[in-house]
Peer 1: 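Just passing along the structure, written as structure tokens.
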Amino acid sequence: MARIAIAGAGVLGRLLAWRLSRDGHAVSVFDPAPGPQPPAIGQLVPGAPHAAGFTAAGMLSPLAELDNADASIARLGWRSLALWRRLAATLNRHTATPLLRLNDSLLLAHGTDRGAAQRVLSRLDALPEAPRAEALNTAQLNALEPALASGLLGWRLPGEGQVLPRELLHTLATFAPGVKWHWGQHVASVAPGQLVDERGGTHRVDLAIDARGLGARSELALRGVRGEVVWLHAPGVPLARPIRLLHPRHRVYLVPRPGGRIVVGASEIESEDRSPPSLRSVVELLSAAHSVLPELAEARIEHMESNLRPARMDNAPVIAYEPGLLRVNGLFRHGWLIAPALVDDAMAAAQLTSPMETSHV
Ligand SMILES: Cc1cc2nc3c(=O)[nH]c(=O)nc-3n(C[C@H](O)[C@H](O)[C@H](O)COP(=O)(O)OP(=O)(O)OC[C@H]3O[C@@H](n4cnc5c(N)ncnc54)[C@H](O)[C@@H]3O)c2cc1C
């Protein structure tokens, strides 16, 4: 059993805490957030940082990520989908609403954008292990999603899906066995075998893990990439699975949430501005969403949020290990998608345990 301290309780920090505590390690986690719960809607303070993981739409879509990521991300994604299934089997015991849904996703394009769609689909040819995208005719598309606009081109991406980010983060923190959570604690530095908090207190451990996302920017060359999402309340509009619209200018997805909600996301802007979503982004996201699901016209705009994705200069994730210190970061726009496989790889790099396939998830 190792004594392990984790700086950061976002997607990575909570998944690491869950895995390591269930493998029998003594785990402490430090985060400036006031507690494990998601930030209250309607009370978000513009500009105040909170984990990107809470803002995320929670799409698990390796194939659709090939639109703007390389094959290594898709491979991490496919590994993670299998790991998510195992994790969810355990986590779902604690919640009334399933935290993971893998009933495929749809890739859509307007007829005029057939070329953009073919470009993404052709990237699959280079990946023999990739599941095949299935082209759907109008009747098949309507059978899956009856509210879709007519005239759309569609492909089913088998095995893809979504998590419920806010509920999943809360569940991980609530049920990770024996973890000591230190909320309201800003970690000033992470070094081999120690964390130093902002008051100068030193916490000595066998392994210190830096999972601070953008909070680790002084140690790793990181940048924040702004993303904006809009929550719609549209109880009469059926949507059974995440859909992504391929479009020359916008990458727009719509993700169903419980309670008749649909999250529309997300902009991707090279800016570290944390202020509320701009009119331009909201207009672009919502008009693209409306072009795919015309019945959204009467949906109510419930909430809008922006946040920063932690990214390295090459947009690739990083695992850096030296004795006593593990850093994992740079999950960019696919943190939920790739986190379980990255956690496995990070634990293997630190020689902590066998991969999740054989551990007590
Ligand atoms: C708009 C938007 C939409 C997204 N949609 C998706 C999606 O559909 N699918 C997907 O896979 N990914 C998505 N993502 C990306 C995903 O949210 C991120 O990749 C992921 O959250 C990164 O995880 P992380 O744990 O590294 O960082 P975070 O989730 O940001 O967590 C970092 C944690 O570190 C803490 N911290 C910071 N500084 C300190 C400090 N000094 N001391 C202690 N703790 C500190 C923070 O409080 C936070 O809790 C989206 C992101 C955004 C912004």
Side-chain angles (χ1 to χ4, degrees), residues 5-17 29-36 38-39 48-62 64-65 69 73 76-77 80-81 84 105 160-166 168-169 172-173 181-190 195-198 209-220 222 224-231 242 244 251 253-255 263-269 274 277 281 285 304-312 315 317-318 327-340 342-343 346:
I6 301 174
V11 178
L12 273 175
R14 293 187 199 212
L15 262 181
L16 280 160
V29 184
F30 299 77
D31 195 290
H50 61 277
F54 282 120
T55 309
M59 286 265 287
L60 304 180
S61 181
E65 282 299 296
I73 296 297
L76 281 168
S80 289
L81 285 175
W84 272 126
S105 75
E160 299 197 344
Q162 65 178 109
V163 291
L164 297 182
R166 293 165 59 88
L168 189 37
L169 283 172
L172 284 168
W181 299 93
H182 301 269
W183 300 110
Q185 295 257 0
H186 182 104
V187 173
S189 69
V190 189
L195 299 189
V196 179
D197 66 39
E198 63 189 332
I209 302 182
D210 189 349
R212 288 176 292 169
L214 267 188
R217 64 162 68 252
S218 52
E219 285 85 356
L220 297 165
L222 292 165
V225 180
R226 176 174 163 92
E228 298 147 300
V229 293
V230 182
W231 293 21
R244 186 182 297 231
R251 290 195 189 93
Y253 49 73
L254 288 83
V255 182
V263 174
V264 184
S267 58
E268 191 177 316
I269 301 168
R274 287 184 185 267
S281 294
L285 288 172
M304 294 188 259
E305 190 173 330
S306 58
N307 210 329
L308 302 182
R309 307 169 176 98
R312 302 254 292 166
N315 290 343
V318 58
R327 296 190 202 274
V328 195
N329 216 312
L331 275 64
F332 187 33
R333 50 173 285 140
H334 19 246
W336 281 104
L337 172 65
I338 64 176
L342 271 190
V343 164

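When a ligand or atom number is given, it counts from 1 through the structure's own listing order. Small disclaimer: the values here were computed from a predicted structure and weren't measured.
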Peer 1: Closest approach of Leu195 and Ala5, non-hydrogen atoms and distance?
Peer 2: CD1-CB, 3.7 Å
Peer 1: Under the 3.5 angstrom rule, does the side chain of Arg14 hit a backbone N or O of Leu169 as a donor-acceptor pair?
Peer 2: yes
Peer 1: Do any nitrogen or oxygen atoms of Arg333 come within less than 3.5 Å of a nitrogen or oxygen of ligand 1?
Peer 2: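 Checking ligand 1 against Arg333, an N or O pair does fall under 3.5 Å apart.
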Peer 1: Taking all non-hydrogen atoms of both residues into account, name the closest pair between Asn329 and Pro310 and its distance.
Peer 2: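 The pair with the smallest heavy-atom distance is OD1-CB, 3.7 Å.
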Peer 1: Check each heavy atom of Ala9 against ligand 1 and say whether those closer than 4.0 Å belong to the side chain, the backbone, both or neither.
Peer 2: backbone
Peer 1: Would you name the heavy atoms of Ala57 and Tyr253 that are closest together and state the gap between them?
Peer 2: CB-CE1, 3.2 Å
Peer 1: Report, in ascending order of atom number, the atoms of ligand 1 lying under 4.0 Å from any heavy atom of Gly58.
Peer 2: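 Listed by number with element, the hits are 7 (C), 8 (O).
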Peer 1: Could you tell me whether the side chain of Arg166 and the main chain of Pro39 form a donor-acceptor pair under 3.5 Å?
Peer 2: yes
Peer 1: Could you list the atoms of ligand 1 found under 4.0 angstrom from a heavy atom of Leu331?
Peer 2: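 Every atom of ligand 1 under 4.0 Å from some heavy atom of Leu331: 19 (O), 22 (C).
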Peer 1: Suppose we measure from atom 28 (P) of ligand 1 to each protein heavy atom; which comes out shortest, and what is that distance?
Peer 2: Ala52 N, 3.6 Å
Peer 1: Taking only heavy atoms of His334 into account, list the atoms of ligand 1 that are under 4.0 Å away from them.
Peer 2: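 Matching atoms, with element in brackets: 10 (C), 11 (O), 12 (N).
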Peer 1: Can you name the nearest heavy-atom pair linking Leu342 to Pro317, along with the distance?
Peer 2: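 Closest approach of Leu342 to Pro317, heavy atoms only: CD1-CB, 3.7 Å.
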Peer 1: Which heavy atom of the protein is the closest neighbour of atom 50 (C) of ligand 1, given with residue, atom name and distance?
Peer 2: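 I find the closest protein heavy atom is Ala56 CB, 3.5 Å.
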Peer 1: Indicate yes or no: does an N/O atom of Phe332 lie under 3.5 Å from an N/O atom of ligand 1?
Peer 2: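 By distance alone, the answer is yes.
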Peer 1: Short N/O distance, under 3.5 Å, between Leu12 and ligand 1?
Peer 2: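 Yes, at least one N or O pair falls under 3.5 Å.
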Peer 1: Going by the order shown, which atoms of ligand 1 are within less than 4.0 Å of some heavy atom of Arg309?
Peer 2: 51 (C), 52 (C), 53 (C)
Peer 1: What are the atoms of ligand 1, with element, lying closer than 4.0 Å to any heavy atom of Tyr253?
Peer 2: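 In order of numbering, the contacting atoms are 3 (C), 4 (C), 5 (N), 8 (O).
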Peer 1: At a non-hydrogen distance cut-off of under 4.0 Å, which region of Ala211 contacts ligand 1 (side chain, backbone, both, or neither)?
Peer 2: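 Within the 4.0 Å criterion, Ala211 contacts ligand 1 through backbone atoms alone.
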Peer 1: Between the candidates Gly213, Pro317, Gly335, which shows the shortest non-hydrogen contact distance to atom 27 (O) of ligand 1?
Peer 2: Gly213
Peer 1: Pull out every atom of ligand 1 sitting under 4.0 Å from any heavy atom of Val229, numbered as shown with elements.
Peer 2: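 Answer, ordered by atom number: 1 (C).
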Peer 1: Can you tell me the protein heavy atom closest to atom 40 (C) of ligand 1 and the distance?
Peer 2: Arg212 CD, 3.5 Å
Peer 1: Gly215 versus ligand 1: do any nitrogen or oxygen atoms come within less than 3.5 Å of each other?
Peer 2: no
Peer 1: Identify the closest protein heavy atom to atom 49 (O) of ligand 1: which residue and atom is it, and at what distance?
Peer 2: Asp31 OD2, 2.6 Å
Peer 1: I'd like to check whether Val187 has a polar contact with ligand 1, where a contact means an N/O of the residue lying under 3.5 Å from an N/O of the ligand.
Peer 2: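 In this structure, Val187 places an N or O atom under 3.5 Å from an N or O of ligand 1.
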Peer 1: So, taking the atom named CG in Leu254 and the one named OG in Ser105, what distance separates them when rounded to the nearest 0.5 Å?
Peer 2: 12.0 Å
Peer 1: N/O to N/O below 3.5 Å, does that happen between Ala51 and ligand 1?
Peer 2: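 Not met; the criterion fails.
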Peer 1: Do me a favour and list the nearest non-hydrogen protein atom to atom 23 (O) of ligand 1 with residue, atom name and distance?
Peer 2: Val11 CB, 3.7 Å
Peer 1: Look at atom 31 (O) of ligand 1 and find which of Ser306, Gly330, Gly10 reaches it with the closest heavy atom.
Peer 2: Gly10
Peer 1: Which residue and atom name correspond to the protein heavy atom nearest atom 8 (O) of ligand 1, and how close is it?
Peer 2: Met59 N, 2.9 Å
Peer 1: Which atoms of ligand 1 are found less than 4.0 Å from any heavy atom of Trp336?
Peer 2: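 Selected atoms, number and element: 10 (C), 11 (O), 12 (N).
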Peer 1: Looking at ligand 1, does any of its N/O atoms fall within less than 3.5 Å of an N/O of Gly53?
Peer 2: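 Between Gly53 and ligand 1 (N or O atoms, distance only) the closest approach is under 3.5 Å.
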Peer 1: For atom 44 (N) of ligand 1, grab the closest protein heavy atom and report residue, atom and distance to one decimal in Å.
Peer 2: Pro32 CD, 3.2 Å
Peer 1: Can you tell me which portion of Phe54 lies within the under-4.0 Å heavy-atom range of ligand 1? Options are side chain, backbone, both, or neither.
Peer 2: neither
Peer 1: Locate the shortest heavy-atom distance separating Pro38 from Phe54; write the atom from each residue and the value.
Peer 2: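 Heavy atoms of Pro38 and Phe54 come nearest at CA-CE2, 3.4 Å.
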Peer 1: Need the ligand 1 atom indices (1-based, order shown) with element for anything under 4.0 Å from a heavy-atom of Gly227.
Peer 2: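 Answer for ligand 1: 1 (C).
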Peer 1: Using a 3.5 Å cut-off on N or O atoms only, is Leu337 in polar contact with ligand 1?
Peer 2: yes
Peer 1: Any nitrogen or oxygen of Pro310, side chain or backbone, less than 3.5 Å from one on ligand 1?
Peer 2: no
Peer 1: Write down the atom of Val163, the atom of Pro165, and the distance for their closest heavy-atom approach.
Peer 2: O-CD, 3.1 Å
Peer 1: Would you give the length of the straight line joining atom CZ of Arg274 to atom CG of Leu214, rounded to the nearest 0.5 angstrom?
Peer 2: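 Result: 6.0 Å between the selected atoms.
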